[in-house]
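Order of the sequence lines fixes the chain letters, A, B, ..., with proteins taken first and strands second; residue numbering starts at 1 for each chain.
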Amino acid sequence: MLFHPTDSRSAGSIESRRVVVTGCGLATALGNTWEANALGFREGRSAFRGVRRFPVDRQRVKIAGEVDLPEEFPFPGVSERDLHRTDHGAKMLLWAGEQCMAQAGWSKGSEAPLVFGTTSGGMLLGQDYYRNAIAPTSSRRKQSERSIYYQAQRQVTLLKQAHGLIGSTLVIANACASGANAIGLAWQLVRFGQAERALCGGYDALCELVFAGFDSLQALSPTVCRPFDEHRDGLALGEGAAVFAIETLAGAKARGARILGEICGYAAGTDCHHLTQPHPCGLAAVDTMTRACAVAGLSPGEIQYVNAHGTGTPMNDASETEAINCWAGNTVGDLRVSSTKASVGHLLGAAGAVEVAVCLMALQGQWLPPTRTCRKPDPACRFGLITEPQAASLNHVITNSFGFGGANASLVLGGAG
Amino acid sequence: MKHVVVSGMGAVSPAGWGVHALLDAVTAGHRLEETFQERPHREPVGVRIVPEPSAEILNRLRHPRLRRVSPISRYVVWAAREALDEAKETLNSPTARIGTVFCTTSGCVSYSRRFYQETLDDPSLASPLVFPETVFNAPASHLAAVLGNRAENYTFAGDAGTVLQGLALAGQLLLRGELDGCLLVAAEERDWLIGDAFRSFSKSIPVAEGAGALYLTLSEGAKFRLNKVTDPFFYGADTTRESAVVSMARQLDPGHEGEGAMLLDGVTGSSRLDRPELSAWRDWTGTRRSVKTVLGEGFAAGAMWQIVAGVSALRTGEVHRAVVSLPGSYQFAIGAEFAI
């Protein structure tokens with residue numbers, strides 16, 4: 001049961017357990033494997049191109065970080081009919097899930113709740129539905145299936161069924177913090193004993209509605225996305241998915257699983273300042289970073305690297321810079337910070353999840369992913385902004401995700417050792 | 001021993017603004033008046049809409065963040081405030097940690113449709129004021145801003161049963177001591193697009209709009225408590241809707257012990273849609289209320305109306321157990337029980 005009276009008996013006496021990552025699959029514009037992404041992020045490659053998925057001739061901005069999946073790929077657990085009915089977002093999710101499950105080595109029938117974040121789930125199908133609904137002579141033949149497969153919960157359920165997992169599915173739609181929130185909530189389920197394992201992450205596909213939305217806000221960079229650059233002028237959109245298998249450290253060790261890293265802390269909060277703009281001082285960001293570190297039992301001085309939300313918009317990066325400066329205090333000079341959105345774009349509901357993967361790669365490889373498009377760091381940055389590839393000695397890192405509506409989340413990650 | 005309890009409730013429904021209006025309509029059991037919304041190139045779709053708010057209600061909803069919002073955000077704020085008012089929770093304590101879990105099936109659909117139409121017409125003229133209101137968590141964000149609440153705030157999108165997943169999560173957060181209180185809110189808004197999509201499942205059941213809210217806290221001496229939330233039983237290749245509903249009913253109420261209990265079922269009035277649930281609960285001997293037959297298919301909001309009706313029956317002493325059965329439209333069946 002999801003909730004039972006016996007839960008009440010343990011109120012106030014719940015012990016926490018260490019939780020590790022034993023599987024990760026991802027798809028971004030840099031590639032569709034861990035290795036391709038690790039190489040790309042380590043070098044700080046940019047993977048943008050002219051948008052091919054929908055017409056952008058009347059949009060102000062015309063580039064994004066698109067993901068090309070193989071034309072054909074096997075999903076043994078998904079029927080041809082289901083696969084045919086899904087959209088690109090769901091396919092990226094299934095692709096990342098397939099890699100993740102292969103790496104984790106979980107068997108079919110494993111009990112594992114699924115917790116995923118997305119901002120617009122199956123919006124590509126939603127758009128198809130709407131265009132058909134308003135067309136004077138359209139057929140309604142596929143409208144029913146579009147209305148079902150459009151639902152993000154359906155897409156996550158397909159992933160669950162593909163791998164024979166047993167457990168609930170939960171879809172978090174906390175805007176651009178969704179992926180981080182999903183990993184944080186799944187981590188809590190395992191940490192506090194409500195599950196031994198969980199599959200979690202985030203995904204989002206580029207779609208016309210969202211692209212036009214960010215363009216209408218003039219949030220997209222008409223030049224080059226340059227997070228934390230003094231002359232930054234906006235973000236670049238991307239798409240992608242990242243899926244993680246997480247389980248207790250004890251469980252992973254008992255079955256001899258390869259550990260990719262540890263999730264050590266998580267906190268979420270709300271910035272009430274504005275629907276789309278962060279508080280200028282980043283108060284909620286300071287709060288979530290501070291609390292996530294406290295949960296992990298770490299001080300800011302024990303964090304070597306921040307994977308910033310770092311969208312490249314003037315307001316986000318100014319606010320986050322203030323927040324990082326404030327949170328790190330007198331240790332800020334030793335801190336290294338970068339935004340990997342310069343490489344693949346802002347992946348919205350997938351951003352927090354893909355950035356957790358980048359952190360795990362950095363911890364594993366002991367390197368720092370650069371923001372190479374940043375030519376002249378904003379003088380407000382009192383931390384070390386990584387603009388060139390470099391090796392590092394990393395024990396713990398933190399990743400930030402902030403979304404519309406003031407959704408803020410921070411995750412603290414540690415190495416496999 | 002501390003238990004998860006309902007300290008306050010709120011509702012906005014086609015019956016009116018407030019819990020009393022909802023309960024009066026459900027108790028009376030008469031189907032509310034249906035209105036019809038135009039849709040392109042086809043006959044209008046039946047909907048049950050929330051009545052226009054009174055001047056007093058509008059006055060209470062005055063806030064800078066609510067100036068341009070679509071109806072769903074107003075419903076969310078009203079229902080949440082009603083629940084907090086009943087619980088006398090002012091959120092004035094600087095140390096209080098009051099979380100929010102917001103659940104919705106369709107979300108801010110009216111602005112999403114409008115913005116996408118603007119994009120199709122000419123993306124360079126699409127409104128930057130409308131786009132931010134299309135995100136699923138916009139209503140929960142507005143609520144946080146109105147209340148000045150900086151605590152955790154989660155928006156869950158999914159089938160109606162997502163509300164009970166949210167209820168379980170809220171209960172766990174409270175029991176772990178991470179929150180002092182938690183608002184669980186669910187809401188939907190009307191749009192012809194929702195009615196159009198739902199016609200794939202039923203041509204006779206009108207969709208409904210509104211919201212419901214619970215303010216949940218921990219208590220040692222409360223009269224009744226959240227007793228259980230079942231597992232979600234998913235529909236899929238190996239599991240029919242029928243068998244999922246039976247599994248849920250078995251886990252929720254193995255002995256069908258209906259004496260002194262009320263079943264708040266998800267029966268809609270459509271024989272095809274209702275068949276699995278009617279079959280699963282055919283041996284139920286207690287009292288029974290079918291909120292949807294009165295109000296229509298309210299998706300996540302409708303799930304919350306079922307809970308509000310059940311908790312109200314416990315409060316008045318009408319029953320000592322309230323069983324909520326939620327066979328969702330698309331994804332899974334799930335249930336919950338509140339009991340003395």
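Using modelled atom types and a 3.5 Å distance limit, the side chains of B/Q117 and A/R131 yield no donor-acceptor pair.
Interface check for chain B: of the options A/A268, A/G117, A/G121, A/G126, the most heavy-atom pairs under 4.5 Å are formed by A/A268. With respect to chain B, the highest number of heavy-atom pairs below 4.5 Å among A/Q218, A/M123, A/K160 belongs to A/K160. Ranked by heavy-atom pairs under 4.5 Å with chain B, the list A/Y130, A/F214, A/F211, A/Y150 is led by A/Y130.
Side chain of B/Q165 to main chain of A/V171: no donor-acceptor pair is present (N/O by atom type, distance under 3.5 Å, no hydrogens or angles). A donor-acceptor contact shorter than 3.5 Å is absent between the side chain of B/D231 and the backbone of A/G167. B/N137 places a side-chain N or O within 3.5 Å of a backbone atom of A/F404 that can act as its donor or acceptor partner. Of the possible polar contacts, one joining the A/Y129 side chain to the B/A197 backbone as a donor-acceptor pair under 3.5 Å is found. B/N153 places no side-chain N or O within donor-acceptor distance of the main-chain N or O of A/T270, the cut-off being under 3.5 Å. Side-chain atoms of B/H41 come within 3.5 Å of backbone N or O of A/I134 as a donor-acceptor pair. Formation of a donor-acceptor pair under 3.5 Å by the A/Q153 side chain with backbone atoms of B/D159 is found in this model.
Of residues 332-339 of chain B, those residues with a non-hydrogen atom less than 4.5 Å from any non-hydrogen atom of chain A are, in numerical order, B/F332, B/I334.
Using a cut-off of 4.0 Å between Lys/Arg side-chain N and Asp/Glu carboxylate O, B/D121 and A/R58 are scored as not salt-bridged.
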